[in-house]
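All figures in this text were calculated on a predicted structure; none of them were measured in a lab. The chains referred to below are lettered A, B, ... by the order of the sequence lines, with proteins before strands, and numbering in each begins at 1.
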There are 2 protein chains.
Amino acid sequence: MPLEPKTPAPTVAVEDYAKAIYALSHDGRDAVATTALAERLDVTPASASAMVKRLDEMGLARHAPYHGVELTDRGLQLALEVIRHHRLLELYLAESLGVPWDRVHDEAEVLEHVLSEELEELIAVKLGDPERDPHGDPIPSRDLEIVELPTDTLASLEPGARGRFVRISDSDPHMLRYLAERGIAPGADFEIVDKQPFGGPSFARFGDAVHVLGGELASRMRVEVER
Amino acid sequence: MPLEPKTPAPTVAVEDYAKAIYALSHDGRDAVATTALAERLDVTPASASAMVKRLDEMGLARHAPYHGVELTDRGLQLALEVIRHHRLLELYLAESLGVPWDRVHDEAEVLEHVLSEELEELIAVKLGDPERDPHGDPIPSRDLEIVELPTDTLASLEPGARGRFVRISDSDPHMLRYLAERGIAPGADFEIVDKQPFGGPSFARFGDAVHVLGGELASRMRVEVER
DNA sequence: GTTCAAAGTTAGGCATGCCATAATTTCGGC
DNA sequence: GCCGAAATTATGGCATGCCTAACTTTGAAC
Ligand SMILES: [Mn+2]
Ligand SMILES: [Mn+2]
Ligand SMILES: [Mn+2]
Ligand SMILES: [Mn+2]
């Protein structure tokens, strides 16, 4: 029987490009600009352009020259697979090994490319097939379905509004540590007590304590509003 | 202040060469033949020769052309560091994630090169600073001390001898699975019941059951003899 | 002491992978 | 249609790590 063309295992860089395209198109299906990709991955546009061409040849993306890239089905699968690895690892490291939540991201960023399917499965089972990572990001299911719920930012709420803090970017350790020190984590209910205009801080009550959340921070905290 | 020469992080290949030199010299301090290294790593002698030259230039090994390689202090540290990672990971995967002991080796072989110092430490603490991995191999301590106790092979024992099975190579999954199926693991006490000559099998009683251990297998099972 | 096979090294290449700079092309709004 | 921004191509660099073929060295046998 003739050997199949046998796709070589994707490299770390290829996986990172797939993830980046997914993140920038926000569901992997919209076209992403080369420049945006280059900026996110901290390479020159020329490098991103070349790499995108390779992803296309590999069947992971469709590249319409001068009009952006989007992931193919296979590319989307790859991105979601790596994201599943990443988020499962983050949660696992936090829960089982006690790694502080502001540091799980960097560890997962490396391990995600190396985790075997067998370990992925064992971890998922051990964690009880979790739906969210420590930062509130949804974890793609075993069959790579992912549900991205639309959210508001805490900064957009006016005094009197109540809601639940559900999600925050995992990439800024300082913000995460700041929140951790105050015991604020995704899942926490709050009420807006006061708010200053023009990017000023929001004052939010979590439990008994009122916290001051700077405009920058408040605009990165994603919330579900209670209606 | 002038920048230090700043050693680049060792690559996976470099780490594997250091480990191999350590294993072949059996304490990292005896000269190892290029050919032996090449065979173990499954590359040509020419490739091993070139690589050994690089390790020398990196200060990880001393290469006396035509007379073998040995590790420098730094090379020995590197080898032991990676071995510590490997063995801690094997034990961790077996204990905490339930990976069968015939499969932990391959997983650890990859992860050992990627494990951060922080995770290494958390794992070590979680396991209670263990001294041996699931195959009975000693785990280098935090400060990279390692104790390799001399052992006999089970095959060398005559009927009537008693002892404890303490160690077996982690690299042959079939042997490991065979032993696992029979409930035989390092730490188990036994007595030799019978033995056939010329590489024939040994018959050993572990607990209540007598097991037949082929010559090949019996010669790879390391034991401490009760005197 | 010579010889000669085995062990080891060097020379020269090749493949992969990823990125950079510089020059050029294309696009799309005006 | 012009023109600046966006993107692409053209080239090349560099790191890694492997190979084959040709050469050198070693050391043991005689
Ligand atoms: Mn997976
Ligand atoms: Mn996360
Ligand atoms: Mn270490
Ligand atoms: Mn082992």
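Using cut-offs of 30° and 60° for the angle between ring planes, the His135(B) and Trp101(B) rings count as parallel.
Side-chain contact, Glu112(A) with His86(A): a donor N or O sits under 3.5 Å from an acceptor N or O. For the residue pair Ser25(A) / Glu70(A), no side-chain donor-acceptor distance below 3.5 Å is found, with atom types taken as modelled. For the residue pair Thr151(A) / Glu224(A), no side-chain donor-acceptor distance below 3.5 Å is found, with atom types taken as modelled. In summary, the side chains of His105(B) and Asp170(B) do present a donor paired with an acceptor at a separation below 3.5 Å, with no hydrogens or angles considered.
The interatomic distance linking Glu57(B) (CD) with dT10(C) (C1') rounds to 13 Å, in whole Å. The nearest whole Å value for the distance from the NE2 atom in His67(A) to the C1' atom in dA6(D) is 11 Å. If you take CG of Asp16(A) and P of dC19(C), they are 9 Å apart, rounded to a whole angstrom.
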So if I define the base as every atom that isn't primed, P, OP1 or OP2, how would nucleotides 9-18 of chain D read as a B/S/- string at a heavy-atom cutoff under 4.0 Å?
B-------SS
Readout for nucleotides 2-7 of chain C: B = base within 4.0 Å of protein heavy atom, S = sugar-phosphate only, - = neither; 5' to 3' it is -----S
Kindly indicate, with the supporting measurements, whether the criterion salt bridge (Lys or Arg N to Asp or Glu O under 4.0 Å) is fulfilled by Lys126(A) and Glu121(A).
CA-CA 8 Å; Lys126(A) 175 149 190 185; Glu121(A) 183 57 23; over 6 Å; no
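Pairs passing the salt bridge (charged side-chain N to carboxylate O under 4.0 Å, His left out) check and including a residue from residues 92-105 of chain B, sequence neighbours excluded, read Glu118(A)-Arg103(B), Asp102(B)-Arg177(B).
Enclosure of atom CD in Glu131(A) is not indicated, since only 12 or fewer non-hydrogen atoms of other residues, nucleotides or ligands lie within 6.0 angstrom.
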